[in-house]
Asks: 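I am attaching a structure below and will ask some questions about it afterwards.
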Amino acid sequence: FLGMTLQFSTNSGLVTPPAQTQVTGTYAVGTFTTAVVATPTPVVVSARLVGGPLKSATVTLLPRPMLASIQSLTNPLYGGDIVAGRVNLQYPNGPTPLVVNVSSNTTALTVPATVTIPAFAQSANFTFNVGNVAARMIRRMYAVIPTVNGVNTDVELRPGLGAIASPSPITGGSIST
């Protein structure tokens, strides 16, 4: 096949293949240009050696990653808690891990600066700390993909129990305060 010409075609205007490329060894490399899509979209791409049979494959064009939500997996939150959160995409991620910026509007929530959504995943979990607060309050967490979109959620913060103190030692069968 070395030196032979490979021709490409597609059934969709969403993909522009190279008109042809030369086979170098046992494979050929070509650059395909794709359009932006709003939802996962299957497209048929075909190739043939000049004069040979047509071979086709269906590939799925994925939309740009878009955040759907950020959430605390428990709510309300209590001072001193370590809590699980999750960042969700509208559709599964593509073949490259995606870094999402995370923040909050209060120092009472210590969230990671970034959360990485793995390749082909639709969400990623993270943990964050809840600081002690003196009174019930509503605060906000944010997730952002720079230049794409951002989402937020409100969480309720409540004072934690704090430390439990007891005299030491305690005599069995007695009442302690």
Asks: Enumerate the residue pairs fulfilling side chain to side chain donor-acceptor pair (under 3.5 Å) with a member in residues 95-121, sequence neighbours excluded, ordered by first and then second residue.
Replies: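 Sorted result for residues 95-121: empty, none.
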
Asks: Which atom pair, heavy atoms only, marks the closest approach of Ala143 to Val100?
Replies: CB-CG1, 3.8 Å

Asks: Kindly determine whether Asn152 and Met141 satisfy side chain to side chain contact (heavy atoms under 4.5 Å, CB included), including the steps that lead there.
Replies: CA-CA 6 Å; Asn152 63 69; Met141 290 192 309; over 6 Å; no

Asks: Hydrophobic clusters here meaning ILVMFWY residues chained together by side-chain heavy-atom distances under 4.5 Å, can you tell me if Val102 and Val83 are in one?
Replies: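 The answer is yes; both residues are in one hydrophobic cluster.
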
Asks: Measure the CD-CD distance between Gln90 and Gln122 for me, rounded to the nearest 0.5 Å.
Replies: 9.0 Å

Asks: Going by side chain to side chain contact (heavy atoms under 4.5 Å, CB included), name the residues that satisfy it together with Ala119, two or more places apart in sequence or in a different chain.
Replies: Pro97

Asks: Is it true that Val59 and Leu14 fall in one hydrophobic cluster, defined by side-chain heavy atoms closer than 4.5 Å?
Replies: yes

Asks: Could you give the distance from CE (Met137) to CG (Leu157), rounded to the nearest 0.5 Å?
Replies: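 One gets 6.0 Å once the value is rounded to the nearest 0.5 Å.
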
Asks: If you draw a 6.0 Å radius around CD1 in Ile138, do more than 12 non-hydrogen atoms from other residues or ligands fall strictly inside?
Replies: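 Buried by this count: over 12 neighbours within 6.0 Å.
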
Asks: Any donor and acceptor pair, going by atom type alone, linking the side chain of Asp81 with main-chain N or O of Val130 inside 3.5 Å?
Replies: no

Asks: Checking Asn88 now: which residues fulfil side chain to side chain donor-acceptor pair (under 3.5 Å) with it, not counting sequence neighbours?
Replies: Ser69, Gln71

Asks: Does some side-chain heavy atom of Thr153 sit less than 4.5 Å from a side-chain heavy atom of Asn75?
Replies: no

Asks: Asn93 and Pro118: which non-hydrogen atoms are nearest, and at how many Å?
Replies: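 Scanning both residues, the minimum pair turns out to be ND2-O, 3.2 Å.
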
Asks: With heavy-atom distances below 4.5 Å as the criterion, would you say the side chains of Pro40 and Pro63 are in contact?
Replies: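 Heavy-atom side-chain distance check passes, below 4.5 Å.
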
Asks: According to the side chain to side chain donor-acceptor pair (under 3.5 Å) rule, which pairs have a member within residues 30-58, sequence neighbours left out?
Replies: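 Matches after skipping sequence neighbours: Ser46-Ser56.
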
Asks: For residues 95-136, which residue pairs qualify under ring pair (Phe, Tyr, Trp, His ring centres under 6.0 Å), counting only residues two or more places apart or in two chains?
Replies: Phe126-Phe128

Asks: Restricting to pairs with a member in residues 30-88, which pass ring pair (Phe, Tyr, Trp, His ring centres under 6.0 Å), not counting sequence neighbours?
Replies: Phe8-Phe32

Asks: What about Val43 and Val37, same hydrophobic cluster or not, with Ile/Leu/Val/Met/Phe/Trp/Tyr joined at side-chain heavy-atom distances under 4.5 Å?
Replies: yes

Asks: Please report the interatomic distance CG(Leu54) to OG(Ser9), rounded to the nearest 0.5 Å.
Replies: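 So the gap between those two atoms works out to 5.5 Å.
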
Asks: Just jot down the side chain to side chain donor-acceptor pair (under 3.5 Å) partners of Gln7, sequence neighbours excluded, or say none.
Replies: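 With neighbours one apart ignored, the set is empty.
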
Asks: In chain order, what residues pass the side chain to side chain donor-acceptor pair (under 3.5 Å) check against Gln22, with sequence neighbours excluded?
Replies: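 If we apply the side chain to side chain donor-acceptor pair (under 3.5 Å) test to Gln22, skipping adjacent residues, the hits are Thr5.
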
Asks: Taking only residues two or more places apart in sequence or in another chain, which ones pass salt bridge (charged side-chain N to carboxylate O under 4.0 Å, His left out) with Asp154?
Replies: Arg140

Asks: Output every pair passing salt bridge (charged side-chain N to carboxylate O under 4.0 Å, His left out) with a member in residues 117-129, not counting sequence neighbours, ordered by first then second residue.
Replies: none

Asks: Side-chain heavy atoms nearer than 4.5 Å, only ILVMFWY residues, links allowed to pass through others: does that put Val148 and Val144 together?
Replies: no

Asks: Would you give the length of the straight line joining atom CG of Asn125 to atom CG of Leu73, rounded to the nearest 0.5 angstrom?
Replies: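 So the gap between those two atoms works out to 6.0 Å.
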
Asks: Among all residues two or more places apart in sequence or in another chain, which pass the side chain to side chain contact (heavy atoms under 4.5 Å, CB included) test with Asn149?
Replies: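 Per chain and number, Asn149 pairs via side chain to side chain contact (heavy atoms under 4.5 Å, CB included) with Met66, Leu67, Ile145, Val151.
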
Asks: Take Leu89 and Leu98 through the test side chain to side chain contact (heavy atoms under 4.5 Å, CB included) and record every step on the way to the result.
Replies: CA-CA 10 Å; Leu89 295 175; Leu98 177 67; 3.9 Å; yes

Asks: I'd like to check Ile117 versus Ser123 (side-chain heavy atoms, cut-off strictly below 4.5 Å). Are they in contact?
Replies: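 Answer no - side chains too far apart.
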
Asks: Who are the salt bridge (charged side-chain N to carboxylate O under 4.0 Å, His left out) partners of Arg64, not counting sequence neighbours?
Replies: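 With neighbours one apart ignored, the set is empty.
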
